[in-house]
Amino acid sequence: NAEYMGHSECLFFFAACVGLCLWAVAHALAHTVMSSFSCSTNLVRSFHTESIFSGRSAPIFPRNSDCSELGASSGTAVSSLSRTRSGHSAVPFRVYKRRWFFLFAYFMMAAHNNSQWICMAAVIDSVADYYQTSRWLGYMGILMFDLVSPIAFVVGHFTTRFGLHRAVQLATIGTCLGGWVKAVWLDQNGLLLGQLLIAIAHTFSAVSMPVFSSIWHPSSERAVSTSLLFFATVIGGGVGFIFGPYFIEDDPTRIPLFLMVQAILGTVLCIPAMFFQERPPLPPSASATEGRVLPGDSEFFRGLIAIVRDPQFLILLVAFALAFAILNTVAVTASDIFTVYGYSSLQVGWLGAGTVCCGMLGCVLVSFTVDCTGRVHRALLLTNIFAATAILALALNLEPDNYSWIAVSACLVGFFGIACFPIAYEAGCDILFPVHEALVTSVMSSVAQLLSVFFSYLEVVVIQDKLVGAYAAGAVYIVVVALLSVFNGTLKRRNMDNHNTRLAAF
């Protein structure tokens with residue numbers, strides 16, 4: 001009865017989180033539609049005036065942000081002709097409706113990639129029984145994502161040289177192929193090889209997320225776009241946490257069928273991403289014009305030098321890596337943490353799902369707020385303050401027969417902790433602009449994931465008392481808050497886009 005009540009209570013929290021997520025997404029879409037109608041109204045009222053810069057007629061569109069035209073589905077859009085102070089015409093800016101299709105295709109691929117990665121975390125004992133190996137080998141399959149993180153530098157260089165669409169297509173192929181390897185090659189080597197392919201695909205997907213946002217979306221949509229893509233990895237992880245325990249039901253003999261279903265789903269969901277387009281015919285913002293010529297080797301290494309010489313970015317990097325590593329460790333070792341206190345694998349799965357659903361909600365709301373207000377530094381600081389408080393609350397409630405309060409604490413950790421990650425990615429790209437977004441993201445991802453391997457090893461092998469580990473996580477989050485309280489990096493890319501938006505309005 002106690003276990004049934006635990007399931008019911010967590011189901012209630014999960015349903016509430018899903019409802020709030022749907023409300024937040026609907027609210028954001030409504031805001032986008034209303035902005036489009038507003039832009040169309042301004043277009044009707046716009047007039048041609050003599051340009052004070054070049055002495056010839058030029059259209060001036062009064063506006064306060066980049067917004068798309070409600071035109072043909074082929075991608076016709078309102079353009080703004082930005083002009084420089086020197087009097088020369090800059091590149092016209094346009095946004096295209098097709099960006100939402102590419103965002104959807106990217107979203108589905110990234111979500112399934114993460115579902116394939118984490119689906120065994122809540123049933124690690126069944127995995128160990130089926131493959132007749134230790135639990136640690138099962139964890140190694142999950143930690144494969146973090147172990148391959150150093151290749152993020154190579155992936156970042158590949159993306160800058162060969163383009164976004166090739167990176168996304170490789171991520172798609174790797175996700176599908178890894179799922180089929182696990183489904184067909186049913187032994188330890190097949191499991192590890194499949195996880196390796198999916199991990200490499202994930203690196204291509206994660207590094208390219210801010211690149212997609214900068215190439216296809218105006219500055220007023222970039223944080224939301226990156227958050228939705230990051231949100232895809234979160235929702236994929238949530239589905240994996242639930243799908244695994246429900247399908248396998250602690251019966252190791254059901255694992256082959258489960259892996260086959262995952263492989264078939266992955267093939268279907270990843271098909272749209274194969275039609276990915278490199279970039280729009282015209283850039284959506286001023287900063288996007290900087291990336292129209294792909295940098296070569298010299299620019300890549302100059303970018304690395306610029307990264308290590310920027311103290312504000314290094315502060316952000318350390319804070320982001322610590323926070324990411326803590327939450328990633330909790331996700332990977334959830335079974336090891338909570339089953340000690342008598343909770344079943346299904347209850348652990350519901351905890352993971354509730355956490356990531358609240359993280360979805362946090363991503364949407366925080367990113368929407370940042371895009372509207374531009375208060376990046378304050379958003380990073382406040383979300384991590386509340387995340388630190390939630391981690392400490394989780395440590396206080398970590399005991400047997402206390403599932404409800406553990407679920408509430410875990411959901412709060414997800415809401416505030418996960419919400420800051422896409423904002424941190426965008427802030428890093430803004431600070432280091434014009435360093436290519438793929439390089440910035442690869443540095444942040446690789447450092448955070450390598451630190452996750454170290455934290456996971458400490459939690460599984462070194463720390464025997466899980467309560468000590470929970471309080472240690474709270475202490476790490478206090479360090480994160482201290483670092484972000486002194487973080488004051490200049491958001492160069494965002495400032496550039498805002499400046500050109502004002503010129504276009506003038």
Colleague: Could you walk me through whether Leu265 and Val261 pass the side chain to side chain contact (heavy atoms under 4.5 Å, CB included) test, one step at a time?
Modeller: CA-CA 6 Å; Leu265 281 175; Val261 171; 4.1 Å; yes
Colleague: Can you find a heavy atom in the side chain of Glu437 that is under 4.5 Å from one in the side chain of Ile215?
Modeller: no
Colleague: Taking all non-hydrogen atoms of both residues into account, name the closest pair between Tyr477 and Ala387 and its distance.
Modeller: CE2-CB, 3.7 Å
Colleague: Distance only, no hydrogens: is a donor on one side chain within 3.5 Å (strictly under) of an acceptor on the other, for Thr329 and Ser452?
Modeller: no
Colleague: Between Ser214 and Arg493, what is the shortest heavy-atom contact and its length?
Modeller: CB-NH1, 3.7 Å
Colleague: Is any side-chain heavy atom of Phe313 closer than 4.5 Å to a side-chain heavy atom of Val308?
Modeller: no
Colleague: CD of Gln188 to OG1 of Thr133: how many Å apart, nearest 0.5 Å?
Modeller: 4.0 Å
Colleague: Using 4.0 Å as the upper bound for N to carboxylate O, is an ion pair formed by Arg166 and Glu278?
Modeller: no
Colleague: Without swapping roles, check the side chain of Asn384 against the backbone of Leu380 for a donor-acceptor pair under 3.5 Å.
Modeller: yes
Colleague: Within this structure, what is the CZ-NE2 distance for the pair Phe102 and His165, rounded to the nearest 0.5 Å?
Modeller: 11.0 Å
Colleague: Taking Ala171's backbone N and O only, do any of them form a donor-acceptor pair with Asn113's side chain (distance below 3.5 Å, no angle check)?
Modeller: no
Colleague: Using the ring of Phe247 (Phe, Tyr or Trp, six-membered ring only), decide whether Arg254 places NZ or CZ under 6.0 Å from its centre and within 45 degrees of its axis.
Modeller: yes
Colleague: What are the two closest non-hydrogen atoms of Leu282 and Tyr96, and how far apart are they?
Modeller: N-OH, 3.4 Å
Colleague: Is a side-chain N or O of Ser225 found less than 3.5 angstrom from the main chain of Glu221, in a donor-acceptor match?
Modeller: no
Colleague: Work out which heavy atom in Gly428 is nearest to a heavy atom in Leu316; give both atom names and the distance.
Modeller: N-CD2, 3.6 Å
Colleague: Ignoring hydrogens, what is the shortest heavy-atom contact between Val413 and Ile391? Give both atom names and the distance.
Modeller: CG2-N, 3.7 Å
Colleague: Could you tell me if Thr267 and Trp180 have a donor-acceptor pair between their side chains, going purely by distance under 3.5 Å?
Modeller: yes
Colleague: Any side-chain heavy-atom pair from Phe324 and Gln449 closer than 4.5 angstrom?
Modeller: yes
Colleague: So, for Ala306 and Val435, which heavy atoms are closest and what is the spacing to 0.1 Å?
Modeller: CB-CG2, 4.1 Å
Colleague: Taking side chain as C-beta onward, heavy atoms only, is Val366 less than 4.5 Å from Ile423?
Modeller: yes
Colleague: Hey, are Lys182 and Gln262 close enough side-chain-wise for a donor-acceptor pair under 3.5 Å?
Modeller: no
Colleague: Do Thr441 and Val211 have side-chain heavy atoms sitting under 4.5 Å apart?
Modeller: no
Colleague: Among Val207, Val154, Val447, whose side-chain contact (heavy atoms from CB on, under 4.5 Å) with Ser442 holds?
Modeller: Val207
Colleague: For the backbone of Ala111 and the side chain of Ser115, can you confirm whether one donor and one acceptor N or O come within less than 3.5 Å of each other?
Modeller: no
Colleague: Less than 4.5 Å apart, any side-chain heavy atom of Trp185 and any of Asp187?
Modeller: yes
Colleague: Distance from His112 atom NE2 to Cys270 atom SG, nearest 0.5 Å?
Modeller: 6.0 Å
Colleague: Within the 4.5 Å heavy-atom criterion, are Leu164 and Phe276 side-chain neighbours or not?
Modeller: yes
Colleague: With a 3.5 Å distance limit and no angle check, can you tell me whether Asn114 reaches the backbone of Gly236 through a side-chain donor-acceptor pair?
Modeller: no
Colleague: Rounded to the nearest 0.5 Å, what's the gap from CG on Leu491 to SG on Cys429? Could you check?
Modeller: 11.0 Å
Colleague: Give a yes or no on whether the backbone of Ser208 and the side-chain of Thr159 come within a donor-acceptor separation of less than 3.5 Å.
Modeller: no
Colleague: In Å and rounded to the nearest 0.5 Å, what is the NE2 to CG distance from His202 to Leu197?
Modeller: 14.5 Å
Colleague: May I have the step-by-step check of ring-ring contact (aromatic ring centres under 6.0 Å, His included) for His217 and Trp100, ending in yes or no?
Modeller: CA-CA 10 Å; His217 290 268; Trp100 300 116; 5.3 Å; yes
Colleague: Classify the ring geometry between Phe212 and Tyr106 as parallel (under 30°), tilted (30 to 60°) or perpendicular (over 60°).
Modeller: perpendicular
Colleague: Taking the side chain as every heavy atom from C-beta outward, state whether Leu186 and Tyr130 have any atom pair closer than 4.5 Å.
Modeller: yes
Colleague: Could you give the distance from CD1 (Ile255) to CD1 (Ile248), rounded to the nearest 0.5 Å?
Modeller: 4.5 Å
Colleague: Could you please spell out the steps behind the ring-ring contact (aromatic ring centres under 6.0 Å, His included) verdict for Tyr425 and Phe320?
Modeller: CA-CA 9 Å; Tyr425 277 127; Phe320 167 80; 5.0 Å; yes
